[in-house]
Amino acid sequence: MARKAAGRPQEETLSLWKREQALLKTLVVDRDTEAWQRDLAFSGLQRVGGVDVSFVKGDSVSACASLVVLSYPELEVMYEDCRMVSLTAPYVSGFLAFREVPFLVDAVQQLREKEPRLMPQVLFVDGNGVLHHRGFGVACHLGVLTDLPCIGVAKKLLQVDGLENNALHKEKIRLLKGGGDSFPLMGGSGTVLGMALKSHDHSTKPLYVSVGHKMSLEAAVRLTHGCCKFRIPEPVRQADIRSRDYIRRTLGVQGAPALRPERSKKAQRPKACPQGASEEPAGSPSLRAFSAKDGNEPHQKKWPKLQQRIWGRGKEALWEDLVTKCNSIHQGGAGHPPQ
DNA sequence: GCGACAG
DNA sequence: ATCTTGTCGC
């Protein structure tokens, strides 16, 4: 049953979402925090992850959320998790995370509980990081909520803060010589928001890389290039391929029985496949926030407690924290829990 | 009414 | 995001 698309959220909802972004943005770390990130060969890096959400064609609610983990530098799939979910929030440019991130956080949490040894050391996210309307794209959002280093990789330039896909921009793209070449994307404020990267020698369209969390832009661009067999970084590409395959195998057998569900050839076989409950309530709350009363410096040791605050409490308690924190950031009024 | 619009 | 076959090029 193809369900109807959710309409555009109320202005009040968007305003609350903006506040949540402003709150969580204070927790973003935009520098290298891990030793391997500073190493020229990324020695010490063994697992890179990718996430994606694919959709059922005539349906704007049913989707497949996937998390894959690949070995580095071999880029072979060691873990795959695909599960059907029911999206609640509609897609609104600038608020992609509110539509997809709850399910991605769930996937990371599942891995953390069931196969902690396979936890990726960095996550590639389909979408932007700080290259965003309010400097807090989906890659930052997922990074802060999971505490994992994240890299935002977008396929199209998000035209914000003066950035334009105009003739000059196109000319700069044309001048990129070989794979690994890049140029900075400078926002109106003079800040470098991201880099346009030619991900391999024969790629015409660049990738738009920006910092998600716990990683410098330089390392993010270098690693992105190091993970590209094709234009799209392999972790995201595998997550995409596998989530689409999962949808095809799950909903495609309606009128085509007897044929054993086959896996696309582009998908290698993973070692561990926790075929998550193929159909679950999955209507998890779109709100995943916590109050941060200190800065984001000594994160390592405080994280277990923060994590508990994310997962160990009810939605209402989280909302209280959020509203309290937001009111202290801006001078705004009281908020109401989302519908 | 016109242009923009990550996924 | 998704709808879609072949086709041109290396």
Side-chain angles (χ1 to χ4, degrees), chain A residues 2-9 14 17-18 21 25 50-67 82 84-105 107 123-143 150-166 169 178-179 185 187 193-197 200-213 220 224 230-233 235-237 239-248 250-252 286:
Chain A
R3 272 169 285 187
K4 277 187 180 178
R8 187 182 176 82
L14 293 181
W17 284 357
K18 286 180 189 172
Q21 290 177 328
K25 178 173 158 53
V51 292
D52 189 45
V53 177
S54 292
F55 301 81
V56 174
K57 54 181 178 182
D59 190 328
S60 61
V61 172
S62 301
C64 175
S66 67
L67 163 64
C82 290
M84 294 305 297
V85 299
S86 295
L87 302 175
T88 53
Y91 169 67
V92 182
S93 180
F95 302 93
L96 174 62
F98 294 90
R99 178 166 167 81
E100 302 188 345
V101 109
F103 308 103
L104 302 179
V105 175
L123 269 184
F124 283 89
V125 183
D126 208 341
N128 294 291
V130 301
L131 172 43
H132 177 268
H133 306 63
R134 289 162 295 280
F136 192 73
V138 63
C140 299
H141 209 129
L142 185 59
C150 282
I151 299 173
V153 181
K155 297 181 283 297
K156 293 187 285 196
L157 175 66
L158 183 57
Q159 304 187 131
V160 295
D161 196 20
L163 293 174
E164 268 188 298
N165 183 20
N166 54 22
H169 181 80
L185 301 165
L193 300 176
M195 295 279 238
L197 168 72
H200 70 88
D201 288 347
H202 300 287
S203 183
T204 307
K205 282 168 67 89
L207 245 33
Y208 296 96
V209 179
S210 59
V211 170
H213 189 46
T224 299
F230 303 98
R231 177 180 175 239
I232 306 298
V236 171
R237 183 170 165 269
D240 178 67
I241 290 171
R242 285 154 195 273
S243 58
R244 300 164 81 125
D245 262 16
Y246 189 87
I247 287 176
R248 191 176 54 71
T250 301
L251 303 177
S286 68

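The shown structure was predicted, so the numbers you read here are calculated from the model rather than taken from an experiment. Each chain gets a letter, A, B and so on, in the order its sequence line appears, and its residues count up from 1.
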Judged by nearest nucleotide, the residue sitting upstream toward the 5' end of DNA chain C, A:His202 or A:Asp52, is A:Asp52
Which distance, rounded to the nearest 0.5 Å, do you find between the CZ of A:Arg237 and the CG of A:Asp52?
-> 12.5 Å
Looking across every strand, which nucleic acid part, if any, lies under 4.0 Å from A:Gly94 by heavy atom: base, sugar-phosphate, or nothing?
-> base
Rounded to the Å, how far apart are A:Leu163 CG and B:dC5 P?
-> 11 Å
Is there a donor-acceptor pair closer than 3.5 Å between any side-chain N or O of A:Arg244 and the backbone N or O of A:Ala239?
-> no
Check the distance between B:dA4's C1' and A:Leu157's CG and give it to me in whole angstrom.
-> 12 Å
Whole-Å distance, A:Lys155 NZ to C:dA1 P, equals 4 Å
For nucleotides B:dC5 and C:dT2, find the distance between their C1' atoms and express it as a whole number of Å.
-> 15 Å
Quick one: does A:Glu164's side chain have a donor or acceptor within less than 3.5 Å of a partner on A:His169's backbone?
-> no
What is the nucleic acid contact for A:Val138, judged by heavy atoms within less than 4.0 Å: base, sugar-phosphate only, or nothing?
-> base
OP1 or OP2 of C:dA1 less than 4.0 angstrom from a side-chain nitrogen or oxygen of A:Arg99, does that happen here?
-> no
Nearest-angstrom distance from the residue atom NZ of A:Lys156 to P of C:dT2 | 11 Å
Identify whether any heavy atom of A:His132 sits under 4.0 Å from a base atom; if not, whether one sits that close to sugar-phosphate; answer base, sugar-phosphate or nothing.
-> base
Distance below 4.0 Å between A:Tyr91 side-chain N/O and B:dA6 OP1 or OP2 = yes
What pair of heavy atoms forms the shortest contact from A:Lys205 to A:Ser203, and how long is it?
-> O-OG, 3.1 Å
Rounded interatomic separation in angstrom, taking CZ from A:Arg244 and C1' from C:dA1 = 9 Å
Rounded to the Å, how far apart are A:Ile247 CD1 and C:dC3 C1'?
-> 14 Å
Could you give the CG-to-C1' distance, from A:Asp59 to B:dG7, as a whole number of Å?
-> 16 Å
Which value, in whole Å, describes the distance between the P atoms of nucleotides C:dT4 and B:dG3?
-> 28 Å
Rounded off to whole Å, could you give me the CG-to-C1' distance for the A:Asn165 and B:dA6 pair?
-> 13 Å
Between C:dT2, B:dA4, B:dA6, spot the one nearest the side chain of A:Lys57, thanks.
-> C:dT2
Mind checking A:Asn128 for me? I need base, sugar-phosphate or nothing, with any heavy atom below 4.0 Å counting as a touch.
-> base
Going by the angle between their ring planes, with limits at 30° and 60°, are A:Phe136 and A:His141 parallel, tilted or perpendicular?
-> tilted
